[in-house]
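Contents: one structure, followed by commentary.
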Amino acid sequence: MAIQSLGDMAQSVMLRRHSALLKERLQVHAEEVTTGRSADLSARVRGDFVPLGAVAQSLTRLSAYASVTSEAGLFTEATQSALNMIDKAAADLGPRLIQAADGRDAASFNIIAAQGRQKFDTTVAVLNTRIGDRSLFSGKATAAQAVADAEAILQTLETQIAGLATAAEVETAINAWFNDPAGFATTGYSGDAPLEPVAIADGETVPVGVTAMEPSIITTLRGLAMTALLDRGALAGHEDERFKLGMRSGDILLANQTERTALQARVGISEQLISEVSTRNAAEATSLEIARSRIVSVDPYEAATALEEARGQLDALYAVTARLSGLRLTDFLR
């Protein structure tokens with residue numbers, strides 16, 4: 001029988017080729033053991049990438065929704081906090097103002113009027129709150145300040161009531177400015193129309209826009225402005241009329257509480273919806289991640305076994321190579 005043999009050069013090339021193949025296989029199995037993912041996805045899915053592509057597309061969509069719900073949640077939470085502060089200021093001032101005016105206690109009345117001025121300033125500042133680079137109450141004009149500064153508003157109102165001597169006249173003038181499209185809506189409010197509802201899931205949107213033009217907010221500003229003007233000397237020398245205006249201011253703030261509560265409830269509904277959808281989206285994303293993992297992952301035991309097998313084969317090849325390299329003609333001729 002003829003015995004075929006390989007020359008030294010051919011044998012060297014063959015050994016190097018086998019070594020390269022085994023090293024490549026070893027690297028592939030090592031990567032699979034480390035990452036838990038198949039190194040050859042095409043073989044893993046048998047050339048059908050449609051399910052994997054669908055999962056990836058859904059995860060990308062949910063990631064975008066997660067960003068939107070996070071921002072919307074922060075926005076509505078900040079809005080709710082601001083509305084709570086405004087409501088607390090009005091609800092605290094109203095009864096005390098009525099009590100002082102009804103008791104004709106000038107000293108207490110003046111102190112409460114001064115507090116009303118502070119609360120008006122605070123309310124205006126709250127309406128101009130910003131979250132990052134976005135104004136809360138300016139609608140689509142998120143870069144703009146929602147309302148004019150408190151001092152500017154009060155100076156404008158002082159011009160409107162100049163020369164008036166009765167509480168009824170002052171109230172009428174203040175109401176007219178806040179209700180006139182050329183009044184507060186033009187010179188007091190610096191924002192735009194409310195923000196459009198934002199999409200937080202497929203087929204689901206949530207309203208997030210509350211502006212300083214909300215009727216309940218305007219009414220609260222009107223009641224607080226009356227008190228602030230009293231602190232600035234409105235109806236000076238007409239004590240009875242000052243008490244009457246204080247009484248009307250307190251009545252407005254108390255009567256408007258139901259509207260303020262309704263606005264807070266409306267924002268609360270948006271908060272709840274955002275939270276629920278965010279939780280649902282996160283659960284769906286987790287399920288999809290698990291599904292994708294099942295598609296692309298490898299069995300850790302099988303991957304470790306394949307790694308050990310490849311390493312053993314490479315060790316054997318190195319041993320054979322070493323033995324062949326050590327052969328001498330004298331050893332063969334013995």
Side-chain angles (χ1 to χ4, degrees), residues 25 27-84 129-143 192-211 262-307:
R25 190 183 305 169
Q27 183 177 358
V28 168
H29 292 316
E31 180 183 343
E32 289 181 340
V33 169
T34 303
T35 64
R37 294 166 60 94
S38 174
D40 188 356
L41 282 180
S42 180
R44 180 69 179 173
V45 300
R46 299 178 181 178
D48 183 9
F49 284 92
V50 173
L52 192 59
V55 170
Q57 184 178 12
S58 295
L59 285 172
T60 299
R61 173 177 50 79
L62 289 172
S63 177
Y65 282 139
S67 177
V68 172
T69 54
S70 176
E71 184 176 355
L74 179 63
F75 204 78
T76 53
E77 182 180 350
T79 301
Q80 188 70 277
S81 177
L83 292 176
N84 285 337
T129 298
R130 303 182 70 85
I131 295 296
D133 60 345
R134 300 182 62 183
S135 179
L136 279 182
F137 293 95
S138 61
K140 294 179 180 178
T142 54
D192 202 341
L195 291 168
E196 297 293 337
V198 297
I200 55 176
D202 291 346
E204 289 189 78
T205 61
V206 62
V208 295
V210 173
T211 74
L263 179 58
Q264 289 174 277
R266 196 175 84 199
V267 175
I269 291 172
S270 294
E271 282 187 287
Q272 183 178 1
L273 180 58
I274 291 169
S275 177
E276 291 175 352
V277 171
S278 178
T279 300
R280 191 176 71 230
N281 286 348
E284 184 180 351
T286 300
S287 298
L288 289 171
E289 289 284 3
I290 294 173
R292 181 167 65 177
S293 177
R294 288 174 178 171
I295 294 174
V296 304
S297 64
V298 295
D299 183 271
Y301 177 77
E302 291 180 0
T305 300
L307 176 63

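Below, each value reflects all heavy atoms present in this structure, side chains not excepted, and no hydrogens, waters or symmetry copies.
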Q.
Tell me which one of T205, V208, L273 satisfies side-chain contact (heavy atoms from CB on, under 4.5 Å) with I200.
A. L273
Of all the heavy-atom pairs spanning [X] and [Y], show the shortest one and how long it is.
X	Y	result
A201	N281	CB-OD1, 4.2 Å
P194	K140	O-CE, 3.4 Å
V68	A199	CG1-O, 3.4 Å
A78	I131	CB-CD1, 3.5 Å
R130	T142	NH2-O, 3.3 Å
E71	R134	OE2-NH1, 2.5 Å

Taking [X] for its side chain and [Y] for its backbone only, find out whether a donor-acceptor pair lies under 3.5 Å.
X	Y	result
S67	S63	no
Q264	Q80	no
T279	S275	yes
T286	A282	yes

Measuring only between side-chain heavy atoms, which start at C-beta, is [X] closer than 4.5 Å to [Y]?
X	Y	value
E276	E204	no
F137	L83	yes
T76	V206	no

Hey, what do you get for [atom1] ([X]) to [atom2] ([Y]), rounding to the nearest 0.5 Å?
X	Y	atom1	atom2	result
L74	T79	CG	OG1	9.0 Å
D202	S58	CG	OG	8.5 Å
L59	L288	CG	CG	5.0 Å

